[in-house]
Amino acid sequence: MAEFESHAAPLSCGVPQGSILGPLLFSLYLLPFGSILRKHGISFHCYADDCQIYVPLKRHDTCSITPLLACLEDIKAWMALNFLNFNEKKTEVIMFGPGGSYEIPPTELGPLASYLKPTVLNLGFRLDSDFKLDSQINATVKLSFFHLRKLVKVKPFLSRQQLETVIHAFISLRLDYCNSLYFGLSKSLLARLQLVQNAAARVLTGTRKREHITPVLASLHWLPVHFRVHFKILLITFKALNGLAPSYLIQLLNRYTPSRSLRSADQLLLVVPGSKRKLRGDRAFSVCAPKLWNALPLTIRQASSIPIFKTLLKTHFYTLAFNPN
């Protein structure tokens, strides 16, 4: 309420949790952390207090892990001097290999062997060593149906608009979270996510299980999961082409420039790089994004702003999903 306010309290150090300046000040505080990683030649990504370290390893080469171990020792020493705690309970190691699940003898990982896991959490997204993402799908489906059962109980107390808002908050956002990584997954896994969306549509509209769900999704203007995945990738692509995405994504896209004068020169196409691995290489952003982009009508690729692009793209996918003829 406007007439109530919290008691004031002096703050001699640090920042309150949830403050606007908190993430920025914390990033400034962690600047030496990045310097330590760079000194050892370790690749990394940081998001607030979450950090991922990437190190290429070779089979039967115990020396390949040495730079990482030395880097971790320096990090622990720096954290101790700066009153930070190295949370070993949240430390996870996962191995990726060319043939799916990648196993390496524990002796070659040294003290990191105890942290090795088949599945790890990355900003709330479950990654597995073979990129099947079945554990992520299972968790999403399970939690979504849990919330749907709860929403059914409160449905009588909510208006149609309020119920739809709540469904989007608890179900749609969960289905869309990091869904660009679902590109190239098996149809059976995507079908499980589609079942969640279908169930949410039935809860909202009161449609029975035996009734066909496609007309319901069309009336709600909900794109099926398959198209939502493509929508997210293409939106990221549009932002990257217009300098609105992180630099590491922008660098993955190259505009197509023919060696001689051709009609395709002004079609705003992208170069599709070759891929050696069908199940993994074709799922990389540098490969799937140009393929999806080049398949769009020219009018969509020529969109002048993000809102216009999103409107045109949704209309295009809506037609493909519900009016294919």
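Hydrogens, waters and symmetry mates are skipped; everything else that's a heavy atom, side chains included, is used.
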>> Are Thr140 and Leu175 packed together at the side-chain level, in the sense that at least one heavy-atom pair is separated by less than 4.5 angstrom?
In response: yes
> Taking it one step at a time, do Arg283 and Leu185 satisfy side chain to side chain contact (heavy atoms under 4.5 Å, CB included)?
Replying inline: CA-CA 9 Å; Arg283 292 171 59 186; Leu185 290 185; 3.4 Å; yes
> With side chains defined as the heavy atoms from C-beta onward, is the minimum distance between Val271 and Thr257 less than 4.5 Å?
Replying inline: no
>> Let's go through Arg160 and Leu204 carefully: what are the C-alpha distance in whole Å and the side-chain angles of both, what is the deciding distance for side chain to side chain contact (heavy atoms under 4.5 Å, CB included) to 0.1 Å, and is it a yes or a no?
In response: CA-CA 7 Å; Arg160 166 69 179 264; Leu204 176 61; 3.6 Å; yes
>> One pair to check against side chain to side chain contact (heavy atoms under 4.5 Å, CB included): His168 and Trp222. What are the steps and the verdict?
In response: CA-CA 11 Å; His168 284 316; Trp222 290 7; 3.5 Å; yes
>> Are Lys291 and Asp282 packed together at the side-chain level, in the sense that at least one heavy-atom pair is separated by less than 4.5 angstrom?
In response: yes
>> Between Leu133 and Leu195, is there shared hydrophobic-cluster membership here, with clusters defined by ILVMFWY side-chain heavy atoms closer than 4.5 Å?
In response: no
>> Please tell me whether Ile167 and Leu143 are part of a single hydrophobic cluster in this structure, the criterion being side-chain heavy atoms less than 4.5 Å apart.
In response: no
> Can you name the closest pair of heavy atoms from Cys46 and Phe33 and give their distance?
Replying inline: SG-CE2, 4.0 Å
> Are Leu193 and Ile233 grouped together when hydrophobic residues (ILVMFWY) are joined by side-chain heavy atoms under 4.5 angstrom apart?
Replying inline: yes
> Distance from Leu296 atom CG to Phe238 atom CZ, nearest 0.5 Å?
Replying inline: 11.0 Å
>> Rounded at 0.5 Å granularity, tell me how far CG in Leu148 sits from CZ in Arg202.
In response: 12.0 Å
> Considering only heavy atoms from C-beta outward, does the side chain of Gln162 approach that of Phe157 to under 4.5 Å?
Replying inline: no
> Looking at Asp128 and Thr119, what are the two nearest heavy atoms and their distance?
Replying inline: CB-OG1, 4.0 Å
> Quick one: are Pro224 and Phe322 in side-chain contact, heavy atoms under 4.5 Å?
Replying inline: yes
> Which class fits the ring pair His147 and Phe170: parallel under 30°, tilted 30 to 60°, perpendicular over 60°?
Replying inline: tilted
>> Quick check on the hydrophobic clustering: are Ile53 and Tyr115 connected, directly or via other members, by side-chain heavy-atom contacts under 4.5 Å?
In response: yes
>> Nearest 0.5 angstrom please: Gln251 CD to Ser286 OG, how far?
In response: 12.0 Å
> CG of Leu28: more than 12 outside heavy atoms within 6.0 angstrom?
Replying inline: yes
> Roughly how far, to the nearest 0.5 Å, is CD1 of Ile171 from CD of Glu164?
Replying inline: 13.0 Å
> Is it true that the side chains of Gln197 and Gln194 contain a donor and an acceptor less than 3.5 Å apart?
Replying inline: yes
> Are any of the side-chain heavy atoms of Leu235 and Ile306 separated by less than 4.5 Å?
Replying inline: yes
> Minimum heavy-atom separation for Pro118 to Ile94, with atom names?
Replying inline: O-CD1, 3.6 Å
Going by atom type alone, with no hydrogens or angles, which donor-acceptor pairs under 3.5 Å involve a side-chain atom of residues 68-84 and a protein atom two or more places apart or on another chain?
unit_1	atom_1	unit_2	atom_2	d
Asp74	OD2	Lys39	NZ	3.4
Asp74	OD2	His40	NE2	2.7
Asn82	ND2	Trp78	O	2.7

Report, one line per pair, each donor and acceptor closer than 3.5 Å where one atom sits in a side chain of residues 177-184; sequence neighbours left out.
unit_1	atom_1	unit_2	atom_2	d
Tyr177	OH	Leu123	O	2.3
Asn179	OD1	Lys232	NZ	2.8
Asn179	ND2	Arg228	O	3.3
Tyr182	OH	Gln136	NE2	3.4

> With no hydrogens and no angle check, is any side-chain donor or acceptor of Tyr318 less than 3.5 Å from a backbone partner on Leu223?
Replying inline: no
> Are Phe285 and Leu253 side-chain neighbours, meaning at least one heavy-atom pair lies under 4.5 Å?
Replying inline: yes
> Does Lys155 use its side chain to pair, donor to acceptor, with the backbone of Val203 at less than 3.5 Å?
Replying inline: yes
>> Set out, in order, the CA-CA distance, both residues' side-chain angles and the distance that settles side chain to side chain contact (heavy atoms under 4.5 Å, CB included) for Leu241 and Leu268, then state yes or no.
In response: CA-CA 10 Å; Leu241 293 175; Leu268 303 179; over 6 Å; no
> Honestly curious: do Phe131 and Leu121 fall in one hydrophobic cluster under the side-chain, below-4.5 Å linking rule?
Replying inline: no
>> Let me confirm one number: the NZ-NZ distance from Lys310 to Lys314, rounded to the nearest 0.5 Å.
In response: 9.5 Å
> Where do Val287 and Val272 come nearest, in terms of heavy atoms and distance?
Replying inline: O-CG1, 4.3 Å
> Shortest non-hydrogen contact from Ala289 to Thr237?
Replying inline: CB-OG1, 3.4 Å
>> Trp293 and side-chain contact (heavy atoms from CB on, under 4.5 Å): which single residue from Leu234, Ile300, Leu269 fits?
In response: Leu234
>> I want to check something: taking the side chain as every heavy atom from C-beta on, are Arg126 and Asn138 in contact at a cut-off of under 4.5 Å?
In response: no
>> To the closest 0.5 Å, what do you measure between CG (Leu217) and CG (Asn198)?
In response: 5.5 Å
> For the residue pair Cys51 and Leu37, what are the closest heavy atoms and their distance?
Replying inline: SG-CD1, 4.4 Å
